[in-house]
Amino acid sequence: MSLIEMIRNAGVVGCGGAGFPTDVKLDTKAEYLLINGMECEPMLRTDRYLMINRADEIVSAAAIMGEHLGASEIIIGIKDHYREEREALERAVKGSSCSVRVQGVSNSYPAGDEHVVVYELTGRRVPPGGIPVDVGCVVDNVGTVLAVYEAIKGLPVTDKYLTVAGEVENPVIVKAPIGTPVSECLKLAGGKKEEDTFLISGGPMMGKPLKSSRGEEDYVTKTTSGILAFKKDSYMALEAQPAELRRKEASKYCIQCSYCTMLCPRNLLGHPLEPHKIMRLFALGEEANVLTHADTVMSAALCSQCGVCGEYACPMGLKPNLVNQYIKEQLAIKGIKNNKWKSFEASGEREWRKLPSRRLAARMGLLDYYDIRITDVAEACPSKVFISLRQGIGAGSKPVVGAGDKVKKGDLIAVKPENALGSNIHASIDGTVLDVNEAVVIGG
């Protein structure tokens with residue numbers, strides 16, 4: 001069985017982002033295999049834990065993946081201050097005699113963005129609207145590489161490592177079966193310090209608010225990188241605003257200082273994304289006028305949603321990143337596509353405009369959580385799991401089990417649709433299938 005088949009059968013998707021199917025990403029040739037160990041967001045510690053404790057497996061899988069790609073270089077990128085992680089990885093490289101190199105980068109945000117990863121580690125620039133393979137690179141997160149290692153051993157994706165931190169009694173790394181209720185993960189962290197809290201799935205910059213303050217209606221997926229709890233009155237708990245209110249705020253308060261553009265990580269890489277110009281058009285209600293302002297409006301599609309413009313750069317507290325997101329949604333609804341952007345050189349001032357992660361954390365009120373060191377790992381043992389049939393980018397998987405079926409951990413319960421992106425899904429606990437709808441519910 002080929003590597004691609006093993007990965008596809010195991011249902012491996014990207015662990016550090018939107019969940020792109022790994023078998024599709026690796027079904028190519030590339031000069032560079034870049035392993036992203038930079039843990040982009042403040043407060044997340046999952047990748048650091050894996051690099052320290054599972055370094056041998058990560059290096060072994062990286063070597064196999066690199067050989068499959070025909071890569072001339074395999075680089076694991078980490079932040080310069082990850083000393084223990086670097087020692088563990090270099091020990092593993094030395095012990096295996098693999099041609100893998102560990103390379104450090106500055107502690108800036110968003111260092112883990114894959115376009116930034118490519119530039120920092122190779123000096124190559126992914127073109128506007130492009131992907132890393134366009135410049136001979138494949139980028140995978142360390143958690144994804146570990147999942148590939150297990151797939152090679154015949155083990156499907158049934159569990160997820162994630163960080164549980166913030167306003168909890170004991171921040172911890174949790175190993176949770178896919179479909180575990182978030183409330184179970186919070187219990188393993190000693191519970192929340194306050195009952196009335198705001199929960200985020202993912203990191204503080206790009207994470208998504210959960211449905212409930214107790215996490216009883218939310219479940220771990222293959223892409224869950226962390227569960228973070230914040231006080232209800234914290235900056236993180238600001239509610240989303242409707243587009244028209246954002247338009248009014250932009251028309252009243254945007255001073256066209258262009259700080260959002262000057263600090264935009266994609267703009268610094270040379271992409272023609274200028275948020276301040278988009279804000280100007282948005283304030284005038286002209287964002288959909290793609291014939292008159294095509295280049296400016298369409299450039300919103302280049303936004304990575306990193307949040308630098310809205311959470312740090314804007315002196316007026318506006319959110320250009322959310323405006324970009326809204327415009328992208330509107331363009332998608334109208335079926336308007338345009339990927340013919342010209343390529344530009346990276347800014348000569350990029351090195352001086354990179355955003356230090358600690359400064360970002362201070363601006364967002366996260367310093368109390370920033371330096372926390374998590375060494376504990378706890379395993380969740382839920383009696384019931386709710387396994388969504390959509391575990392990443394692509395179409396929902398098709399169930400192959402029904403209510404009343406007995407399953408064992410690792411059994412195939414849903415298959416990726418033919419001729420579409422998606423992933424196979426497996427039972428994460430032993431038990432009986434209780435229901436099949438948008439999720440497969442299994443009770444132990």
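In what follows, every heavy atom counts, from backbone to side chain, and hydrogens, waters and symmetry copies are set aside. In what follows, residues are counted from 1 in the order of the sequence shown.
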Inset, instruction - Please determine if E150 and K153 form a salt bridge, counting it only when a charged side-chain N lies under 4.0 Å from a carboxylate O. - result: no
Legend entry - Pairing residues for K416 by the salt bridge (charged side-chain N to carboxylate O under 4.0 Å, His left out) criterion, not counting sequence neighbours: none
Inset, instruction - Decide ring-ring contact (aromatic ring centres under 6.0 Å, His included) for F230 and F198; before the verdict, give the C-alpha distance in whole Å, the side-chain angles of both, and the deciding distance to 0.1 Å. - result: CA-CA 5 Å; F230 298 98; F198 179 77; 7.2 Å; no
Legend entry - Residue Y119 excluded, over 12 heavy atoms near OH under 6.0 Å: yes
Legend entry - Pair E329 + K334, salt bridge at N-O below 4.0 Å: no
Inset, instruction - Sorted by first residue and then second, give each salt bridge (charged side-chain N to carboxylate O under 4.0 Å, His left out) pair with at least one member in residues 15-24; sequence neighbours left out. - result: R8-D23
Residues 166-175 side chain polar contacts: donor-acceptor under 3.5 Å, at least two apart:
from, atom 1, to, atom 2, distance (Å)
E167, OE2, Y369, OH, 2.7

Inset, instruction - Using only heavy-atom distances, determine whether the side chains of T197 and K231 contain a donor-acceptor pair under 3.5 Å. - result: no
Legend entry - G226 to L44 - nearest heavy-atom pair and separation: CA-CD2, 4.0 Å
Inset, instruction - Identify whether the distance between the nearest side-chain nitrogen and carboxylate oxygen of E120 and R350 falls below 4.0 Å. - result: yes
Inset, instruction - Using the test salt bridge (charged side-chain N to carboxylate O under 4.0 Å, His left out), find all partners of D113 that sit at least two apart in sequence or belong to another chain. - result: R266
Legend entry - Whether Q305 side chain and N321 backbone form a donor-acceptor pair below 3.5 Å: yes
Inset, instruction - Give a yes-or-no answer on whether the side chains of S106 and K354 include a donor-acceptor pair shorter than 3.5 Å. - result: yes
Inset, instruction - Would you kindly say whether T261 and H276 are connected by a side-chain donor-acceptor distance under 3.5 Å? - result: yes
Legend entry - Any residue meeting ring-ring contact (aromatic ring centres under 6.0 Å, His included) with H271, in chain and number order, not counting sequence neighbours: H115
Legend entry - Polar side chain donor-acceptor pair, D47 to N141, under 3.5 angstrom: yes
Legend entry - Side-chain heavy atoms of P42 within contact of L360, under 4.5 Å: yes
Inset, instruction - Answer yes or no: is there a side-chain heavy-atom contact under 4.5 Å between D405 and T432? - result: no
Legend entry - Cationic N near anionic O, under 4.0 Å, R48 to E39: no
Inset, instruction - Ignoring hydrogens and angles, state whether a donor on the side chain of Y109 or R358 is under 3.5 Å from an acceptor on the partner side chain. - result: no
Inset, instruction - Answer yes or no: is there a side-chain heavy-atom contact under 4.5 Å between V440 and I425? - result: no
Legend entry - Heavy-atom check, side chain of N424 versus side chain of P156, under 4.5 Å: no
Legend entry - Exercise: identify the closest heavy-atom pair between C185 and A176: SG-CB, 4.2 Å
Inset, instruction - State which residues pass salt bridge (charged side-chain N to carboxylate O under 4.0 Å, His left out) with D159; sequence neighbours excluded, sorted by chain then number. - result: K409
Inset, instruction - Could you verify whether a donor N or O on one side chain and an acceptor N or O on the other, from T221 and S388, lie under 3.5 Å apart? - result: no
Inset, instruction - Nearest 0.5 Å please: distance from the OH atom of Y149 over to the CG atom of D56. - result: 8.0 Å
Legend entry - A62 versus L33, closest heavy-atom pair with distance: O-CD2, 3.4 Å
